[in-house]
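What you are looking at is a predicted structure, and each value in this text was computed from that prediction instead of being measured.
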Amino acid sequence: MELLQDSIPKVYAVVAAAALYARASSSLLRPGLPRLVALLPVLAFLAAAPLAFTSSASVRGTAAFFFAWLCMFKVGLLAAGRGPLDPALPLLTFLFTALLPVKLRGAVGASKGKAPVSIVSCAVKVAVIAAILRLYQFRDRLHLYVRLALYGVHMYCFLDLLLPCIAAVGGALGMEMEPQFDRPYLASSLRDFWGRRWNLMVSAILRPSVYEPVRAHAGVAAGVLASFAVSGLMHEAMIFYFTLQWPPTGETSAFFLLHGACCVAEGWCARRWTAWGWPSPPRAVATVMVVVFVTTTSFWLFFPPLFSGGIEEKIQEEWAAVGAFFLDAATKIGCM
């Protein structure tokens, strides 16, 4: 497969070495400026690491999310003595937490609760992705909004398949992980969608690094707006890694600023609604409103810069190669 020409194990080995250096230096230096200075080379390296993947936009974009966003923020929080990383963590737990989009739920070795991965859920998502890959073959006949809807479902299924599987590996190693998604299609408000249901690892990173410091100095509304502003900037960076197109259009930042402002307004309205004694809207109505708003604004601002300049065709070719690879492997296994 062309998209596997880049050596994922080699890049991960070098990034792991950088994480080991971060752990060792953090164990010797106190949080603050001395530790930050020692970790600056690690931060610069993490920003550059995804560019090592030259043949696949999908792999490069995924690596950028892992290294240039989540891992960079974790290392930055480590410099301040905060966040999920701690030099006192066991070596394997430190590496797993640093290099992958996971967050420890509690004590290492805990195994209570239901299994983090549902076989039925995974099978359904695989089937949905397979059906979408099939529909991509007819993209010239599909309306733009239909293609964007397929991309949105594809993105959700891929992330909700990949991240819980990573957490399951951590569980097998004795680490209990927090879930990454919680049925975002059932969100009853924008705050519920972004704060408690969608890509919770990002929320867990932005909360201590952006929201809490800003809230402490400027209030809740400023903390929310700052979190969405930083999220918008980081998504602009992720799109650059994905497409290698510069300068950014600003549409993605506008998307997150809009949602941040709407979350603030939604919270204000909810408080006034309660103070006036008005009943809340039915949950089904609220959920439909959230889905419509998120979908409409995504079509308007989020997806266009992500699939411009021929990147749409490249991504479809890469995923077609993935589908062909697994179909060929299944055929060979069936013939054994």
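Note on ring orientation: taking the six-membered ring where Trp is involved, the planes of Phe255 and His259 are tilted (angle from 30° to 60°). In this structure, Trp278 and Trp276 have tilted ring planes: the angle between them lies in the 30° to 60° band. Ring-plane geometry between Phe299 and Phe303 is classed as tilted, the angle between the planes lying from 30 to 60 degrees on a 0 to 90 degree scale.
Applying the side-chain contact (heavy atoms from CB on, under 4.5 Å) test to Asp86 and every residue at least two apart in sequence or in another chain returns Ala88, Leu89.
You'll find the ring centres of Tyr151 and Tyr136 inside the 6.0 Å limit. Taking the six-membered ring wherever Trp is involved, the centroid distance between the rings of Tyr241 and Phe53 does not fall below 6.0 Å. You'll find the ring centres of Tyr12 and Phe67 inside the 6.0 Å limit.
For the pair Thr97 (side chain) and Phe94 (backbone), a donor-acceptor distance under 3.5 Å is absent. A distance-only check finds a donor-acceptor pair linking the side chain of Ser27 to the backbone of Ala24 [under 3.5 Å]. Thr296 contributes no side-chain N or O that, together with a main-chain N or O of Phe293, makes up a donor-acceptor pair within less than 3.5 Å. Side-chain atoms of Arg139 never come within 3.5 Å of backbone atoms of Arg147 as a donor-acceptor pair (strictly under, hydrogens ignored). At least one donor-acceptor pair closer than 3.5 Å links the side chain of Arg197 to the backbone N or O of Arg183. Judged by distance alone, with hydrogens and angles left aside, the side-chain atoms of Thr287 form a donor-acceptor pair with the main-chain N or O of Ala187 at under 3.5 Å. A donor-acceptor contact shorter than 3.5 Å links the side chain of Trp273 to the backbone of Pro279. Between the side chain of Glu251 and the backbone N or O of Pro304 there is no donor-acceptor pair closer than 3.5 Å.
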Tell me, with the steps shown, if Leu163 and Asn199 meet side chain to side chain contact (heavy atoms under 4.5 Å, CB included). CA-CA 9 Å; Leu163 300 183; Asn199 205 353; 4.3 Å; yes
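Other cluster members for Trp268: none, since no ILVMFWY side-chain heavy atom sits under 4.5 Å from it.
In this structure, CE in Met72 is found 6.5 Å from CE in Met234, a value given to the nearest 0.5 Å. Atom CG of Leu150 sits about 10.0 Å away from atom CG of Leu133, to the nearest 0.5 Å. Note that the CZ atom of Arg207 and the CG atom of Leu200 stand 8.5 Å from one another [nearest 0.5 Å]. With values rounded to the nearest 0.5 angstrom, Met201 atom CE is found 4.0 Å from Ile205 atom CD1.
Scanning all heavy atoms of the two residues, the minimum distance from Phe65 to Trp69 falls at O-CB, 3.6 Å.
Each of Leu244, Leu306, Thr249 was evaluated against Ile239; a single residue qualifies, Leu306, per the side-chain contact (heavy atoms from CB on, under 4.5 Å) test.
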